[in-house]
Amino acid sequence: MTITAYSNATDVKWQRRWEETKLYAFNEANIGRKHYLLEMFSYPSGKNLHIGHWWNYSLSDSYGRLKRMQGYEVFHPPGFDAFGLPAENFAIKSGIHPEESTKDNIARMGGQFLTMGTTYDWGHLVVTCEPEYYRWSQWLFLRLFERGLAYRKEAPVNWCPSCMTVLANEQVVDGRCERCEGLTAQKRMTQWFFRITEYADELLNGLAVLDWPEKTKKIQENWIGRTLGCEVDFPIEADRVTAYTTRVDTLMGVTYVVLAPEHPMVDALTLSGHRDAVRDYQAQAGRRSEMDRISSAKEKSGVFTGSYAAHPMTGRRLPIWVADYVLASHGTGAVMAVPAHDLSDHAFALRYGLPIVPVIGSPLGPGQSLPYCEDGVLFGGTGHDGLTSGEARIRITAELEASGLGRAARKYRLRDWLVSRQRYWGTPIPIVHCEGCGHVPVPEGELPLRLPHDVEFLPNGRSPLAACEPFVSAPCPRCGRPAKRETDTLDTFVCSSWYFLRFLDNRDMTKAFDSDRINKLMPVDKYVGGIEHAAMHLLYARFITKALRDMGFLRFDEPFASLVHQGFILDADGRKMSKRSGAVSPDGIVKAHGADVFRLYLGFGFSFTDGGFWNDDGIKAVERFVRRVCRAVDCYVGSISRDTDGDSPEDLYDGQAPADMGLERLRHDTIKQVTEDIDGFRFNTAIARIMELLNGIARHQARPERDRSQEGSAVRDMVLLLAPLAPHLAEELWCALGNGYSVHNQEWPAYDPNILVREMAELAVQVNGTLRGVIMVPTNADDASIREAALGDPKVIQAIGGREVRKAIVVKGRLINFVLL
RNA sequence: GCCGAAGUGGUGAAAUUGGCAGACACACAGGACUUAAAAUCCUGCGGGCGUUAAAACCCAUACCGGUUCAAGUCCGGUCUUCGGCACCA
């Protein structure tokens, strides 16, 4: 007989075979039953693959393998998000060119990915820093430019002084740079933006249909931040100031108007006697952004402009102030101040002695202190007395609309996406700036606009490409006169906002993707990645998809139909396992225990969506499990009996049914559970079920008399169920069972629901809600006979103790509960 | 401040729609095999109170209350942790 064993050598053997036979190549002929599985692609960092990579990619791969065996044509491509700051920073330190280091990293990480034994089809590899890819990022940029969705404007931007580049709002965390954690500053610069706000409503409404974690949807919802309110005009001589409010019910309580320091009307409204003070204040506000922005307990400050606006209803004179607690970027950049009913306005009014006029009271009665910021009931003889806030908002909006001094409006927190970066290692923006013609797109035929190789990329606050004369100088594509190229590069999130469209046609040099085929392949059926991208990548990708759809390139609305987030594996200090805590090396684990022991440990030891603390002990347990599996197979193949002492143990799984049905039922039950569990990314319970099946098989094998047919089915299906989770081991065992290559081409085992239906069922018997006994009853027994059977149980009789049973509640297949008086 | 998620044995964790809390493992303890160790196998393993040994009983899902025949699960409140947003009008 053969002794089946598993080790790292097994991995290597089968990985070679898979490669030679192109086992996992995507067959587009079967696209009709496609399943597009994608993990957020990884960044080719300078370090080795870490536990976190294995955690994410190997388990997701197990899901894909299930789908494959279930008959889906799984499209599971690998990729690298290869542009970006780390490679550039590494180059600055080491002098090694980003192109070289990135290439090396990809080669090394690619090799390490192979040791995982994934189903990746490497023929569809996408690497974003290659001209074959970024050429199409440039194509995308030009399409957005044509549609007016890419535009340039001067705007206050987030500037990271240490990275010497601008950052998108999404990349600023608590006023600090997401990458280097240094404080960011505000700076006015002319930059490229993508008009994502045009899609704000659809991005928000579209969330409803997505099979995404609610938490993630909530994050996007907050990030988009839609409010429904009202724009109110406050006339000033020939003009008017427009303020946005969600509380137009408080309109009668307005006692002044405030403009943001950057509001375009500030100069015009500032009277001569106030000019110096306002100018000083504006300058001061512009300088302050760093520390003040992150301190929440900030003093309100401001200056009076000298001008007055008229209240749209009463005509009362309202002083116009400038204050930096009003943000230029939100609403209209102007606020109608209601000190009685708003926290900030209240503090401001107190400080500067402005009047405070309450007009809303609590519906519970008087006596509340100011500011009262809840909804309530209007009072004060203002013409709307007695209305609730909700009613008043509708009424007052209508009145303002009638008088032409207001209108219902909606506003968003979402800002347009700032995409230019003053970096070298990114996609060059294909635009030429011509004095005569303005911003002129680089003609299609000249793409890719290549990133020049020899560039000084030390950070100096300007784009490195600006110092590269041969790159900068270019004739204007329109008029032919000398002009200058755009020297900023694109945010790497632009690369990742459409990469899922490129895999299928990764070698097509004539277009970014083939619309017909991508419409068949998309959407991604299961997308797996970290939640940290909830407000960035996942939002950008949705936006780009919708934009391309509106241009006629795509016929679907959402890129990622179903989304799963993995949790984090933490080190002893509670930090994310990553390149920084490199103490535990996947390579070492793979060598010592084999890839499948590693995969099974990751799958069994944690809940996929929760993650947890890394712990070596679990490895041993899984290794033992693998040995027991091998032994069970050997035992079956060699017909050797299990060595046990004494009598064979009872078949614990099912003492009631004919003894030899036990294993069969266990097999079907396990198939059902494992299928559902892997499908739902519950790898821990899936593996636990297989352990139970193994325990059942082992018990059966310990019997003096074995049912060869049942045992054979159970062993065979155990191997098939293991195939997604331990792909190398399963090949080995499949082979040991005398089957042909490959286990991964087998049909996923099916279960027979009829076998799961039992003739007898165990029923819990409760008395007053406390468990008192367990009875066996026929599954189809009616309530009366269940009751009778339960009342016959000695323990139950004792618990009832002769008292009167008021009623009995029967839950079919579960329990019966006797309620006593 | 606002919004959201979570809190279960010594440990990792399980638990359809409210229906036998702790599956499956780890660790630990005892036993078998062995000259011995490793490996393997068997038994026990939430707490309390019991008992020669059992049985029985009581308490247990962060805490306090509620709904229900029945609550880890639903409702109200409190605490803690983690995430998102935050002068957003």
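Lettering of chains follows the sequences in order, A, B, ..., and the numbering in each one begins at 1. Everything numeric in this text was worked out from a predicted model, so none of it was measured. Values below: every heavy atom of this structure, side chains too, minus hydrogens, waters and symmetry copies.
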Q: Determine whether more than 12 heavy atoms belonging to other residues, nucleotides or ligands lie under 6.0 Å from atom NZ of A:K215.
A: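 Open: at most 12 neighbouring heavy atoms sit under 6.0 Å from NZ of A:K215.
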Below 4.5 Å, heavy atoms only, C-beta onward: do [X] and [Y] meet side chain to side chain?
{"X": "A:Y540", "Y": "A:R542", "value": "no"}
{"X": "A:Q701", "Y": "A:Y636", "value": "yes"}
{"X": "A:R706", "Y": "A:C635", "value": "yes"}

NA contact type, [X], heavy-atom cut-off 4.0 Å: base, sugar-phosphate, or nothing?
{"X": "A:R415", "value": "nothing"}
{"X": "A:T770", "value": "nothing"}
{"X": "A:V326", "value": "base"}

Separation of atom [atom1] in [X] from atom [atom2] in [N], rounded to whole Å:
{"X": "A:M536", "N": "B:C85", "atom1": "CE", "atom2": "P", "value": "9 Å"}
{"X": "A:I219", "N": "B:A86", "atom1": "CD1", "atom2": "P", "value": "12 Å"}
{"X": "A:K215", "N": "B:C85", "atom1": "NZ", "atom2": "P", "value": "13 Å"}
{"X": "A:F625", "N": "B:C41", "atom1": "CZ", "atom2": "P", "value": "13 Å"}
{"X": "A:F568", "N": "B:A6", "atom1": "CZ", "atom2": "P", "value": "17 Å"}

(Q) Under 3.5 Å for both pairing distances: what stems, at least three Watson-Crick or G-U pairs long, include RNA chain B? (A)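 The stems that RNA chain B takes part in, listed by first number, are B:1-7 with B:79-85, B:10-12 with B:24-26, B:28-32 with B:40-44, B:46-48 with B:57-59, B:62-66 with B:74-78.
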Q: Over 60° means perpendicular and under 30° means parallel, so classify the ring planes of A:W55 and A:F606, tilted if in between.
A: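 Plane angle over 60°, so perpendicular.
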Q | 5'-most by nearest nucleotide on RNA chain B - A:L327 or A:N615 | A |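 Mapping each residue to its closest nucleotide by heavy atoms, the 5'-most match is A:N615.
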Using a cut-off of less than 4.0 Å, is there contact between a side-chain N or O of [X] and OP1 or OP2 of [N]?
{"X": "A:R413", "N": "B:C85", "answer": "no"}
{"X": "A:K620", "N": "B:A27", "answer": "yes"}
{"X": "A:R624", "N": "B:A25", "answer": "no"}

How far, in whole Å, is [M] from [N] if one measures between their [atom1] atoms?
{"N": "B:U73", "M": "B:A62", "atom1": "C1'", "answer": "16 Å"}
{"N": "B:G77", "M": "B:G83", "atom1": "C1'", "answer": "23 Å"}
{"N": "B:G19", "M": "B:U78", "atom1": "C1'", "answer": "29 Å"}
{"N": "B:U80", "M": "B:A21", "atom1": "C1'", "answer": "23 Å"}
{"N": "B:U43", "M": "B:C75", "atom1": "P", "answer": "42 Å"}
{"N": "B:C33", "M": "B:G22", "atom1": "P", "answer": "34 Å"}
{"N": "B:U61", "M": "B:C74", "atom1": "P", "answer": "15 Å"}
{"N": "B:A13", "M": "B:G66", "atom1": "C1'", "answer": "30 Å"}

(Q) How would you summarise protein contacts on nucleotides 13-24 of chain B per nucleotide, using B for base, S for sugar-phosphate only and - for none, with heavy-atom distances below 4.0 Å? (A) SS-B--BB--BB
Q. Can we say A:E221 and A:K218 salt-bridge, meaning some charged N sits less than 4.0 Å from an Asp/Glu carboxylate O?
A.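 Counted as a salt bridge, because a side-chain N and a carboxylate O are separated by less than 4.0 Å.
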(Q) Both conditions, 6.0 Å and 45 degrees, for the charged tip of A:R599 above the ring of A:W54: are they met here? (A)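 A:R599 over A:W54 ring: no.
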(Q) Is the positively charged end of A:K300 above the ring of A:F348, judged by distance under 6.0 angstrom from the centroid and angle within 45° of the axis? (A)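 Because its charged atom misses either the 6.0 Å distance or the 45° angle limit, A:K300 does not stack over A:F348.
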Q. Does anything in residues 332-345 of chain A pair up under salt bridge (Lys or Arg N to Asp or Glu O under 4.0 Å), and if so which pairs, sequence neighbours excluded?
A.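 For residues 332-345 of chain A: none.
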Q) Syn or anti for B:G44, taking syn as within 90° of 0? A)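 With its glycosidic angle more than 90° from zero, B:G44 counts as anti.
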